[in-house]
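In each ligand, atom 1 is the first atom listed, and ligand 1 is the first ligand listed. Here the structure is a predicted model, which means the values were calculated and not measured.
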Amino acid sequence: MSATTDDRAWWQRGVVYQIYPRSFADGSGDGIGDLSGVLAHLDHLRWLGVDALWLSPIFPSPMADFGYDVANYTDVDPVFGTLEHFDTLLDAADRRGLRVLLDWVGNHTSDRHPWFMASRGSRDNPYRDWYIWRDEPNNWRRAFDDGPAWTLDARTGQYYLHHFLPQQPDLNWNNPAVRQAMHDVLRFWLDRGVDGFRADVVHLIGKDPDLPDDPDDRVGSRVGWHTDSRTYEWLREIREVLDGYPGDRVMVGEINVPDPVEVSAHTGEDQLHLAFYFALTRAPWDAGAFRSAIAGIEAATLARDVWPGLVLSNHDQSRHRTRYGGEERRARVAATVLLTLRGTPFLYAGEELGLEDATVPADQQVDPGGRDPQRAPIPWTPDPGHGWEGTPWLPWPPEPDRRNAASQRRDTGSIAGLYRRLLHLRRDDATLHAGALELRDAPDGLLAYDRVGASGLRRVLANFTDEPAAVPDDGRWQVLLSTARARDGEAFDGTLPGTTAVVLAPAD
Ligand code: GLC
């Protein structure tokens with residue numbers, strides 16, 4: 001298939017919107033977001049123009065890691081609603097042309113999952129081998145606080161492995177019964193009609209069976225975390241499960257390793273459809289840093305003919321506006337880049353409102369990984385309750401009286417208005433959602449690339465400095481979109497004001 005045609009699957013053409021259900025919207029009035037809250041705000045997603053939503057985990061959980069510790073994979077936690085609420089949401093999303101992805105946490109369960117409760121029951125319990133037990137721990141460290149990745153179970157006198165909290169024991173994917181059970185989990189939701197999954201830390205499912213110590217210079221490092229080539233085999237089995245269903249179901253992997261080549265190795269025809277490339281989340285506010293992140297993603301995906309998933313923000317990292325020093329103009333430029341690159345953009349709820357991280361006082365901090373600030377509730381309205389009946393579980397992000405969905409939707413010049421224009425432009429423009437990308441040489445501080453495809457040439461220019469930038473003159477261009485609203489549709493005069501971006505097309 002030519003890279004310039006529009007003949008792409010929905011998950012390549014489309015844009016996915018990540019919802020962190022606790023923080024999105026609250027239908028029940030208990031201060032914690034839920035599925036009725038999501039249902040009530042689906043029209044916001046329609047208005048914006050995204051194609052799919054991904055729900056962070058909604059399953060029964062003791063919430064040690066706020067849902068990434070699953071105690072039952074085939075139900076909904078009462079705090080979020082019921083299976084009936086979920087079915088209603090799925091129907092309502094479908095009626096609005098929105099696909100729905102769930103968050104599938106395959107590497108580990110909660111320590112309260114019946115499988116683990118049985119497993120820790122005794123050394124000869126049939127579930128013992130569903131997890132990873134050893135008489136002696138190796139030197140691996142866990143996430144969040146860098147403590148040991150092993151916890152001694154006093155009753156049975158062995159240690160179990162957990163790459164995350166002690167409440168998140170890693171499953172033993174070497175055991176075929178575990179793989180079978182996990183395939184059944186996927187089928188349960190696919191049968192219900194979901195369009196796919198975001199696969200949590202799925203590169204970790206394969207572990208070197210010898211569990212060797214990390215070399216001294218890598219102890220505590222997350223780099224390359226203990227992966228084993230059997231992961232690829234198990235991803236192929238997972239792909240077969242999805243391929244057994246009609247309608248372009250998709251598996252998006254969180255392969256959280258720095259090397260984009262390694263990320264790509266997990267994707268392709270018979271593995272993951274897509275994976276996140278986190279290079280943009282690691283790039284500082286600098287045109288050169290963005291350029292090398294993009295170049296790395298392009299090289300790693302083109303080499304294997306796979307399609308990238310692109311992301312600036314999510315529930316695990318500081319919001320990008322905050323990372324870039326809090327300036328909304330920078331967030332606008334970044335949004336323009338994200339939504340005009342080659343790949344599937346993933347938006348994190350609230351970035352379209354230009355939200356910054358919240359300041360969370362010590363006595364309100366709840367996440368063991370320190371990620372509360374980016375999980376602050378979404379303000380829907382300007383009034384003091386901001387569309388939430390009860391007091392939300394975390395404090396508001398800054399300026400909720402201005403940075404709320406209702407106020408921003410009324411103002412076409414708002415950052416939400418910009419996201420909407422970008423999303424509509426991208427959707428209607430085959431080059432932007434399907435074309436090839438060519439990075440261009442540009443003066444310092446300027447990021448420049450072309451998109452080449454079925455609807456013709458597009459050029460994106462992004463000025464990362466506060467000073468106006470003169471763009472080398474080659475031809476006559478028309479402004480399709482500018483982060484400084486006034487210029488849309490005008491001829492491009494060859495100068496880009498400080499901290500702005502434009503999408504151009506040749507003027508005919
Ligand atoms: C992923 C999730 C993160 C979670 C971790 C363990 O990185 O995005 O929120 O804490 O996996 O499941």
- Query: Looking at Trp173, is Arg179 sitting on its ring face, NZ or CZ under 6.0 Å from the six-membered ring centre and within 45 degrees of the normal?
  - Reply: no

- Message: Looking only at side-chain N and O atoms, does Asp103 offer a donor or acceptor that is under 3.5 Å from a partner on Trp54?
- Response: yes

- Task: Would you mind running through ligand 1 and noting each atom that sits below 4.0 Å from a heavy atom of Val201?
- Result: 1 (C), 7 (O), 11 (O)

- Hey, are Asp51 and Arg427 close enough for a salt bridge, meaning a charged N less than 4.0 Å from a carboxylate O? yes

- Task: Just jot down the salt bridge (charged side-chain N to carboxylate O under 4.0 Å, His left out) partners of Glu328, sequence neighbours excluded, or say none.
- Result: Arg332, Arg403

- Set of residues satisfying side-chain hydrogen bond (donor to acceptor under 3.5 Å, both in side chains) with respect to Asp363, sequence neighbours excluded: none

- Message: Once you restrict to heavy atoms under 4.0 Å, what part of Phe144 touches ligand 1? Side chain, backbone, both or neither.
- Response: side chain

- Item | For Arg371, atoms of ligand 1 separated by under 4.0 Å from a heavy atom | 3 (C), 4 (C), 9 (O), 10 (O)

- Message: Under a 4.0 angstrom heavy-atom cut-off, which atoms of ligand 1 come close to Asp65?
- Response: 4 (C), 5 (C), 6 (C), 10 (O), 12 (O)

- Note on the structure: Atoms of ligand 1 under 4.0 Å from any heavy atom of His108, numbered from 1 in the order shown, are 6 (C), 12 (O)

- Message: Tell me whether Asn256 has any N or O atom under 3.5 angstrom from an N or O of ligand 1.
- Response: no

- May I ask you to list the atoms of ligand 1 that are less than 4.0 angstrom from any heavy atom of Arg198? 2 (C), 8 (O)

- Item | Cation-aromatic face contact Arg128/Trp133, 6.0 Å, 45 degrees | yes

- Task: Indicate, as side chain, backbone, both or neither, the part of His162 found under 4.0 angstrom from ligand 1 when only non-hydrogen atoms are considered.
- Result: neither

- Polar contact flag, side-chain donor to acceptor under 3.5 angstrom, Asp170-His163: yes

- Task: Decide whether the shortest distance between a heavy atom of Gln317 and an atom of ligand 1 is less than 4.0 Å.
- Result: no

